Peer 1: 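One structure follows; several queries about it will come next.
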Amino acid sequence: MRDAILAHLAYSFGKSPEAAQIEDWRMALSYAVRDRMVESWFSATRRCYEQKAKRVYYLSMEFLIGRLLEDGIVNLRLQDQAHAALAELGLDYHAVLADEPDAALGNGGLGRLAACFLESLSTLACPAIGYGIRYEHGLFRQSFRDGRQVESPETWLLQRHAWEFQRPEARYRIGFGGEVKTAGGNTTWTPSEHIDAEAFDTPIAGWKGRWTNTLRLWSAKAPDPFDLESFNRGDFARAAAPEALARTISRVLYPDDTTEQGKELRLKQEFFFTAAALRDILRRFDSEYDDLSLLPAKVAIQLNDTHPAVAGPELVRILHDERGLPFEEAMTIARGCLNYTNHTLLPEALETWHEGVFGKLLPRHLQIVDRIDDAHGRANPSRTLSMRANHQVRMGELSFVMANRVNGVSALHTGLMKDTVFAELHRLHPERIVNQTNGVTPRRWLLSCNPRLSRLVTDTIGDGWVGDLEKLRELEPHVDDAGWRERYAEAKRANKAALARWMADTQGLKVDPQAMFDVQIKRMHEYKRQHLNILEAIALWQEISETPDAGWTPRVKIFAGKAAPGYFFAKDIIRLINDVAKVLNADARTRDLLQVVFLPNYNVTLAERLIPAADLSEQISTAGKEASGTGNMKFALNGAPTIGTLDGANVEIREQVGAENFFLFGMDAPGVMARREVPDHARKAIDADPRLSRALAAVADGTFSPDEPGRYANVVANLSDHDYFLVASDFTDYWRAQREVDTAFADRDRWTRMAALNTARSGWFSSDRTIRGYMADIWGAESLQLD
Ligand SMILES: *Cc1c(COP(=O)(O)O)cnc(C)c1O
């Protein structure tokens with residue numbers, strides 16, 4: 001390993017050890033690790049062709065992959081070698097790994113799920129390719145100024161990126177706009193604008209490095225990059241314009257996962273990567289088969305949410321217009337390949353496009369959507385809803401109608417899909433909706449991020465759990481052993497001490513590692529209810545101030561999360577949390593018992609740092625709103641019991657870990673719907689709870705914003721008058737559950753038992769289990785592992 005690093009340093013980067021900077025060492029190590037993936041990458045491809053296997057294509061607008069070096073080292077089990085080699089070279093292993101930029105090509109849960117799925121697909125030796133966009137700028141960087149969120153561009157590609165292979169030969173010309181002509185029964189689309197999609201491949205190695213799949217990201221390039229005529233005339237800006245214009249398509253990730261800006265550029269991005277993926281898929285298929293009716297047997301395409309929904313009409317267009325299949329047959333074949341995962345029931349997050357924009361960019365596709373819709377209507381005369389309404393194209397309906405299988409991401413969410421958004425389509429196609437509860441990869445979310453706990457688990461039950469997480473159940477008998485519990489508690493203590501040191505060194509924050517670390521980290525959104533959490537903190541602070549000696553359990557409330565730049569209410573909540581933190585942390589009477597911390601720039605790396613050190617997991621969304629959640633699973637696996645509502649996968653977590661190891665509160669989904677119908681429900685809830693009234697009054701009177709007392713008038717008005725997410729109505733029960741948490745935590749041994757049982761019973765939440773479900777129920781794909 002040391003020789004490999006030195007060789008790459010010299011021959012790949014032209015540096016001597018004396019001249020090398022940390023980035024050079026990181027790159028050299030990355031290349032040395034990457035080299036060891038290439039063999040299994042080639043053999044996986046070879047085996048797939050030999051066996052004429054069905055391939056899975058995962059189309060996702062986002063892949064929140066984070067850092068990749070440790071992933072590679074861990075999955076190839078090179079940790080000891082890499083440690084030793086770097087030590088011999090006088091380098092610190094952790095410092096070298098920390099030099100890698102965090103590839104934030106996603107907003108949150110949806111993109112992180114795609115990343116976990118890629119890793120599990122490789123671990124299970126399922127032949128698969130992930131397709132997405134190679135954004136030059138991933139999710140924005142977040143900092144705070146006077147407590148307010150400030151966004152700056154993310155620049156992961158300014159540092160050298162070790163993992164991708166540019167594929168200039170895999171390049172497709174993608175068209176937009178133009179006109180459609182029909183002559184002699186043939187329809188042809190002649191686009192007016194073209195952009196090239198060029199592939200960049202990243203190998204994704206599975207556990208033990210036995211199988212390696214590909215993440216193929218598309219970068220936008222101008223077909224004619226340079227206008228020499230303008231240049232020669234001295235018009236340099238115009239000369240470079242074509243390239244600049246084309247590149248905008250893969251320039252930035254839209255910083256919003258729940259509302260659509262209705263931007264033309266967004267639709268262009270969606271069509272760009274979807275069309276490039278389909279061309280690539282068909283090129284590969286054509287190289288192996290010459291009968292298009294075999295497509296559904298050989299190709300399974302998964303649409304991660306509706307962002308790639310144009311895959312339906314585009315595949316029909318290719319099969320019908322370009323390959324000459326009859327329309328009905330083209331539709332049947334396309335539908336046989338496509339599947340759709342729904343991720344949200346929030347009405348504002350269900351994609352629709354105005355037919356003006358859609359028809360301008362994709363005129364032929366608009367015609368095909370209408371034809372699909374007509375065909376579906378004729379086949380189902382009792383239907384009342386179409387995918388075309390109010391001059392909009394409805395991508396959810398389109399995805400559903402064009403899918404062989406449609407899935408939700410937790411049992412609760414799948415049930416709600418059947419009863420609400422897709423009730424009619426479910427009645428017409430009762431076999432189509434299936435559930436696949438999300439999962440997370442145990443390699444990243446336990447083995448790598450929590451070495452102390454991993455070591456204890458492996459010492460106790462061997463290392464079989466890494467590839468078969470259900471084996472964690474074998475820990476259960478040990479939970480009754482006081483000595484073992486002490487070792488479990490020691491791992492958590494050490495993780496908390498490490499986090500406290502990091503917060504002191506990098507953030508200048510002093511926290512007591514003995515206190516309970518109560519953690520809520522996720523995108524900022526009203527439905528996730530960070531405001532419920534901070535209101536509870538305010539009420540608690542007020543009560544502690546009155547009775548400081550009442551035996552309170554010391555807590556540090558830790559927040560992290562980004563708000564979409566245009567989501568002003570969520571940004572107000574960030575500022576409120578920061579303002580509250582300032583006042584509480586300065587209060588000498590209470591700060592040993594309660595502190596509030598908001599860490600900036602939440603990303604995968606920060607999650608990996610915080611989750612192993614968490615005592616309590618906050619999963620407090622309004623019931624019926626969080627489709628699944630995956631953060632909730634990471635916390636449970638790492639031994640942080642949940643305080644949560646019956647929402648998303650919380651329901652299944654509670655079933656798995658046991659109701660006695662989960663702090664349940666709040667209304668369930670039917671309760672939420674009923675409560676919304678009660679007139680003045682928010683004011684009634686506030687009037688009924690003096691703690692809540694007092695906390696809100698402090699927000700309203702400027703206790704936390706003395707220089708601007710009216711700063712949060714809007715927040716207070718929203719919570720008192722409207723309160724769509726029922727913060728007020730759930731507050732009282734949340735407070736009750738939090739005091740139960742206090743009591744449970746004060747009994748350290750009882751708490752350790754609960755935490756350890758959360759770990760032992762979270763095996764079901766492995767993304768390996770999820771992917772096995774997709775392979776069996778949705779894709780009909782098989783593992784090609786020999787042993
Ligand atoms: C897991 C994860 C998420 C998803 O968290 P939820 O609590 O399920 O919303 C978002 N962002 C990052 C960086 C993650 O690691």
Side-chain angles (χ1 to χ4, degrees), residues 60 62-68 70-71 101-119 138-142 154 156 253 255-258 304-305 343-344 346 349 409-410 412-413 437-446 448-450 518-530 533 558-564 570 599-614 616-622 625-638 640 642-645 647-653 762 765-767 770:
S60 180
E62 305 186 7
F63 287 93
L64 189 51
I65 47 184
R67 289 175 178 160
L68 293 179
E70 188 172 13
D71 234 22
D102 190 305
L105 309 184
N107 274 291
L110 175 150
R112 185 54 234 172
L113 184 76
C116 283
F117 279 7
L118 287 179
E119 200 268 359
L139 187 59
F140 66 87
R141 205 185 298 260
Q142 177 198 54
E154 189 276 349
W156 70 296
L253 167 75
D256 194 337
D257 52 357
T258 53
N304 193 25
D305 216 319
H343 282 276
T344 178
L346 297 180
V409 289
S410 72
L412 178 77
H413 167 239
T437 299
N438 284 168
V440 299
T441 165
R443 273 72 64 186
R444 182 178 289 256
W445 295 110
L446 183 53
S448 303
C449 76
N450 198 342
D518 164 352
V519 184
Q520 186 173 21
I521 50 175
K522 46 183 75 248
R523 283 300 287 253
M524 299 298 296
H525 204 290
E526 284 162 282
Y527 85 79
K528 293 179 182 275
R529 297 201 295 192
Q530 283 93 351
N533 190 350
I558 300 171
F559 293 85
K562 296 175 182 174
L599 297 169
N601 204 37
Y602 181 49
N603 59 17
V604 174
T605 301
L606 186 58
E608 290 166 352
R609 199 184 290 287
L610 288 173
I611 290 168
L616 181 68
S617 164
E618 296 269 358
Q619 307 299 337
I620 61 178
S621 51
T622 313
K625 293 293 174 191
E626 186 74 85
S628 162
T630 49
N632 47 4
M633 301 167 185
K634 301 167 195 164
F635 280 102
L637 182 60
N638 283 275
T642 305
I643 181 166
T645 47
D647 200 15
N650 292 355
V651 176
E652 288 149 273
I653 291 176
S762 287
F765 298 102
S766 167
S767 46
T770 313

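Throughout, numbering of the chain's residues begins at 1 and tracks the sequence. Being a predicted model, the structure only gives us computed values, none of them experimental. Each ligand, and each atom within it, is numbered from 1 in the order the structure gives.
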Peer 1: Is the side chain of E626 donor-acceptor paired with the backbone N or O of T645 at a distance under 3.5 Å, no angle test?
Peer 2: no
Peer 1: Tell me whether R523 has any N or O atom under 3.5 angstrom from an N or O of ligand 1.
Peer 2: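 No, R523 has no N/O under 3.5 Å of an N/O on ligand 1.
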Peer 1: The criterion is ring-ring contact (aromatic ring centres under 6.0 Å, His included); which residues satisfy it with F559, sequence neighbours excluded?
Peer 2: none
Peer 1: I need the contact type for N603 against ligand 1. Using non-hydrogen atoms and a strict under-4.0 Å cut-off, is it side chain, backbone, both or neither?
Peer 2: backbone
Peer 1: Is W445 in contact with ligand 1, taking contact as a heavy-atom separation below 4.0 Å?
Peer 2: yes
Peer 1: Between G631 and ligand 1, is there a nitrogen or oxygen pair with a distance under 3.5 Å?
Peer 2: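 Yes, there is a polar N/O contact under 3.5 Å.
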Peer 1: Taking distance alone, with N or O pairs closer than 3.5 Å, would you say K528 contacts ligand 1?
Peer 2: yes
Peer 1: Please say whether R112 places an N or O atom under 3.5 Å from an N or O atom belonging to ligand 1.
Peer 2: no
Peer 1: Considering the heavy atoms of V604, write down every atom of ligand 1 situated less than 4.0 Å from one of them.
Peer 2: 13 (C)
Peer 1: What's the spacing between L113 CG and T770 OG1 if we round to 0.5 Å?
Peer 2: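 Reported value, rounded in 0.5 Å steps: 7.5 Å.
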Peer 1: How about K634 and R112: do any of their side-chain heavy atoms sit closer than 4.5 Å?
Peer 2: yes
Peer 1: Tell me whether T630 has any N or O atom under 3.5 angstrom from an N or O of ligand 1.
Peer 2: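 Yes, at least one N or O pair falls under 3.5 Å.
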Peer 1: M633 and side chain to side chain contact (heavy atoms under 4.5 Å, CB included): which partner among T642, N650, T437?
Peer 2: T437
